[in-house]
Every structure is written in structure tokens, then in C-alpha cells.
**Q** 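Take this structure, written in C-alpha cells, and hold onto it; I'll ask about it next.
We name chains A, B, ... by the order of the sequence lines, and we start the count at 1 in each one.
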There are 2 protein chains.
Amino acid sequence: MSEDTPEEPKPRRRQARGERRIAQLLSAAANVFCTNGYTATSTNAIAREAHVSPGTLYQYFPNKEAIAIELGGRLLHEMRAAHGQAFTPENLTLPLPELLDVVVDPMIEFNCENPVFLALMHGSEVPGRIAEEHDALHASLLTSVQGVIAHYAPALTAEERSRIADMTFAIFKGGLGLVLAAPAGAERDATVAELKRVLLRYLSPLADGSVTTTPTR
Amino acid sequence: MSEDTPEEPKPRRRQARGERRIAQLLSAAANVFCTNGYTATSTNAIAREAHVSPGTLYQYFPNKEAIAIELGGRLLHEMRAAHGQAFTPENLTLPLPELLDVVVDPMIEFNCENPVFLALMHGSEVPGRIAEEHDALHASLLTSVQGVIAHYAPALTAEERSRIADMTFAIFKGGLGLVLAAPAGAERDATVAELKRVLLRYLSPLADGSVTTTPTR
DNA sequence: GGAAAATGCGAGTGATCACTCGTGTTTGCC
DNA sequence: GGCAAACACGAGTGATCACTCGCATTTTCC
């Protein structure tokens, strides 16, 4: 929730304890959502995880969905920030391998540190509101990727560009699952490197001016 | 204890109607699981979708989990059959583009015709029994992919081979999501072709004898 | 035809869940 | 200190869910 909205009939006085509780509840919710999924998670379980009574939980959130909305909203906000930092105009001029580093690494890091993000954004069991915001972020990311592709291969049609961007993102998503499944450390790093290798091999022919729809063999 | 029936403690006489009902219930369950997910699906909703009373449903399945088990088991069985047909020894000798056709097409087709498969196998909300069987199938598929990779690039270490197989499968999974999201027809075909292009570009360097762990930049 | 088994029904049952409410405690402000 | 508001609690409430049970109907076998 932003603080500059004029439609706030609830000017809360106490903030220190309250904000702490909200953060505590969201953190607990992230843990439980992550392990059980949204639907199978009970509000009582969230309260228990936060060492708080159910009544206290409902003092800060009107219902279960609002918890996911708030949590998802915060994650989406962070994600958008990372996204904006990755797809800067100057980064767009980097050679492909370096561009991949600059774009992939922050995204991977974010998801490693917030595994609940994938859990919340992926399932069809999440409340519609989250799904909408996620779709918006997804579209925004796709547009950025399309921009990169257009920069590397200006000759492509919009349809081809769109398809390649979709596929690039799907590859990343699939690889992300692998990375999250790998234990943090050398194995995870190797998986990330492999993911970048996939993307590099898939995308580097674009820079050569070869048309993707023409079989080269 | 006194009854020593080895496998079938339930000799059902009537089979025509019963088997029909079971198929009907499983089909209904597939629909509802597909749209709502496993956890959010109620047994009453399955019965309603099948135009059957809740009591009738529980005459054929002891509980909700058993429905998913049976449905998942049948799908896994079909999937295993398709898998076995794809990874035949003679197919292994095909050149990579043809091998991709032979392996990818049936898998895509199966998932297009049984979208509930992904829905059931993917979520962490599914009963543990399904997850186990799915893990077994997953491991089996990975072994096959590793076999192919070993054939194309015998010089790789087991670790590299495993990582490449994992990544290949992750790419396929990601692309599969795209394919299922695309409307059936030309767009879907184009997406499948793009997926094969990704896999081809990722895997074809293996056949050239270049070592993947050496940076080529 | 008639017994027995299989099939079918749907209201009912206990458990669980999201959520509330009455009450007690802590904190900010004078 | 004292008051009001924010905070905290946890037993309780209505709804929903997975699942049952008594009974009616259909099918099979003789």
C-alpha cells in the first residue's frame, strides 16, 4: 500500500510495533506459502509460524488473500527495480555474453533469495489480483527482452521477435527452476553458467545476421 | 488374514457400468484439476462435473488422493510408453535434428492432449505418492537423455553429462509451457519449431567435439 | 421370478478453515 | 497518573470440505 493515496480512512498511530508485526507476518507467510503453496496454507499456520495469534494476524490483514497480495506486491516491486537496473540503455550496447551476465545474474539472485516469488507467481491457485500484476510484470520483461533482440537483429519481423523473446524467457524460467533446485554453492554456479551457455548459443546467431526462420543446415 | 487373496481382494462382478463410471470420473477429475489445481478441487466438484452423486464417486475411489493417484498413474503409464518408443536404440543413431523430431514431437503431443499431466506433476500441492512416481519417471527420462548425450559426446564427464541432461530437460519443460499456452494451430507449430531450434543450437556443439566447460568467447 | 451383488443417491457428520469478538495489555500523549 | 487508541489474544462461529450411511434401483445369475 502506498502512503500518498488520499483514500486512507485508517490513519494508524502506532507504527513501530505494527510495522514489525507486518514484516514478521509476511516473512512467516513467505515461508509457509513456499513449502505448502497458497491454497493449502491456512491463516492459522501463518500466525503460528509468526508466533502470533490468529486475531493479531487479522488486525493487519483483512483476509488471507490480502496477505498474498501484499507479499506479492512487495516482491513485484523489488523485481521491477532489478529489472529496470538490468535493462539500461548502456547495458544494451554490451556484447551478448556480458549482457547475459548483467541481466541473468540479478534475476537469479533475486529468485534465490526470494523463493516464494516463484511459488506465488507460478501456480494457477493464486488470487487473481496477483496473477494480473504478475502478468503485467511478465509483459514488461518480455518487452525489454524484445528490445534487446531488436537491437541485435533488427531485420526480424515483430512476430519472430516476439516468439524469440517468449522462448528466451521460457528457457530462463526453466533454468531458474534448475538453479533453485541445485544446492547453493559450486553446483548452483555451474547451473547458472550452463543456463547462460544455453541462452548464448540460442541468441548469438541473431547477431550474425542469419535469419532464424531459414534452416541453416 | 484368513483370506489369502494375493492381489485382488475386490472381485467386482459388474464391470461395464463401473468401468464407464471410473473413466467418466477420471475425465471429470482431469478437467477440474486442470482448471483449479489439486488442492482447490473438491470431490463434490468432481462428482458434479461427472454428473454423479458424491456417494457414487466414493464407491469407486476411497478418497480424493486416490483419484489423483489413479489419474496420474494412467498418465504416467502412457508417458512411459511414449518415452520408450522415442528413445529406441535405432533412433539414437539419427542425426540430431531428426532425433529431436522423434523425441520432442510425441512428448509435446502427449502433453497437448493431456494438459492435466503438467498440472498434476508440477505443483508441490500434489499427494506425495504422485510426486514419487513422477520423480521416478523424471529420473528415467533424464537417464535416457544422458544416454543420448553420451552417444553424441563420449568425452564428457558424468557430471557434465548430467548437468547438460538436466538443462536440456529444463529447456524442454519451459518450452512445453509456451507450447501449451499457444493456441493450437500455426502458432503452436511455430513455437514447437522454435523449441527444437533452441535444443539444436544448445546440443549440436556437443557433436563437434568441443568441450563445453571451455569458454569459447 | 427372485436372491444377491453392484450401482446410485443425497442428506448427514465430523473436521478444518477463514474469520470475528469480547476482553485484556501495551503505548502515546496530556 | 490517566485516558484513548493501538496491539494482542484465543475461544468461538458459520461455511465448506472430505467422506459416510441408509436406502432405492439396476444388473447378474440361478
**Q** Report the distance from atom NE2 of B:H51 to atom C1' of C:dG8, rounded to the nearest whole Å.
**A** 16 Å

**Q** Please classify the nucleic acid contact of A:N44 as base, sugar-phosphate, or nothing, using heavy-atom distances under 4.0 Å.
**A** base

**Q** So which nucleotide from C:dC19, D:dA18, C:dT7 ends up closest to the side chain of B:R17?
**A** C:dT7

**Q** Within this structure, what is the CZ-to-C1' distance between A:R48 and C:dC17, rounded to whole angstrom?
**A** 12 Å

**Q** With respect to the phosphate group of C:dA6, does any side-chain polar atom (N or O) of B:Y60 fall under 4.0 Å of OP1 or OP2?
**A** no

**Q** Scan A:T39 against the nucleic acid and name what it touches under 4.0 Å (heavy atoms): base, sugar-phosphate only, or nothing.
**A** nothing

**Q** I need the minimum non-hydrogen distance between B:L26 and B:E70, along with the two atoms involved.
**A** CD1-CG, 3.8 Å

**Q** B:N63 has an atom CG; how far is it from atom P of C:dA15, in whole Å?
**A** 17 Å

**Q** Measuring from the side chain of A:Y58 (C-beta onward, heavy atoms only), which nucleotide among C:dG8, C:dA18, D:dC19 has the closest atom?
**A** C:dA18

**Q** In whole angstrom, give the distance that lies between atom CD of A:E19 and atom C1' of C:dT27.
**A** 16 Å

**Q** A:T43 has a side chain; which of C:dA18, D:dC9, C:dC9 sits nearest to it?
**A** C:dA18

**Q** Go through the side-chain N and O atoms of A:Y202 and B:E194 and say whether any donor and acceptor fall under 3.5 Å apart.
**A** yes

**Q** Rounded to whole angstroms, how far apart are CG on A:L57 and C1' on D:dC9?
**A** 13 Å

**Q** Measuring from the side chain of A:T56 (C-beta onward, heavy atoms only), which nucleotide among C:dC19, D:dA8, C:dG8 has the closest atom?
**A** D:dA8

**Q** To the nearest Å, how far apart are A:Q59 CD and D:dA8 P?
**A** 7 Å

**Q** Does any donor atom in the side chain of B:H134 or B:H122 lie under 3.5 Å from an acceptor atom in the other side chain?
**A** no

**Q** Classify the nucleic acid contact of A:F61 as base, sugar-phosphate or nothing, counting any heavy atom under 4.0 Å across all strands shown.
**A** nothing

**Q** If we count only N and O atoms by modelled type, under 3.5 Å, do the side chains of B:T56 and B:S53 hold a donor and an acceptor together?
**A** yes

**Q** Counting heavy atoms from C-beta on, name the nucleotide in D:dA18, C:dC9, D:dG10 closest to the side chain of A:P54.
**A** D:dG10

**Q** Side chain of A:S42 only, please: which of D:dC7, D:dA18, C:dC17 is the nearest?
**A** C:dC17

**Q** Under a 4.0 Å N-O cut-off, is there an ion pair linking B:E78 with B:R74?
**A** no

**Q** Give the rounded distance in Å between these two atoms: CD of B:E65 and C1' of D:dC19.
**A** 14 Å

**Q** Specify the residue among B:K64 and B:A16 whose closest nucleotide of DNA chain D lies further upstream toward the 5′ end.
**A** B:K64

**Q** Under 4.0 Å: is that the gap between some side-chain N or O of A:R21 and OP1 or OP2 of D:dA8?
**A** yes

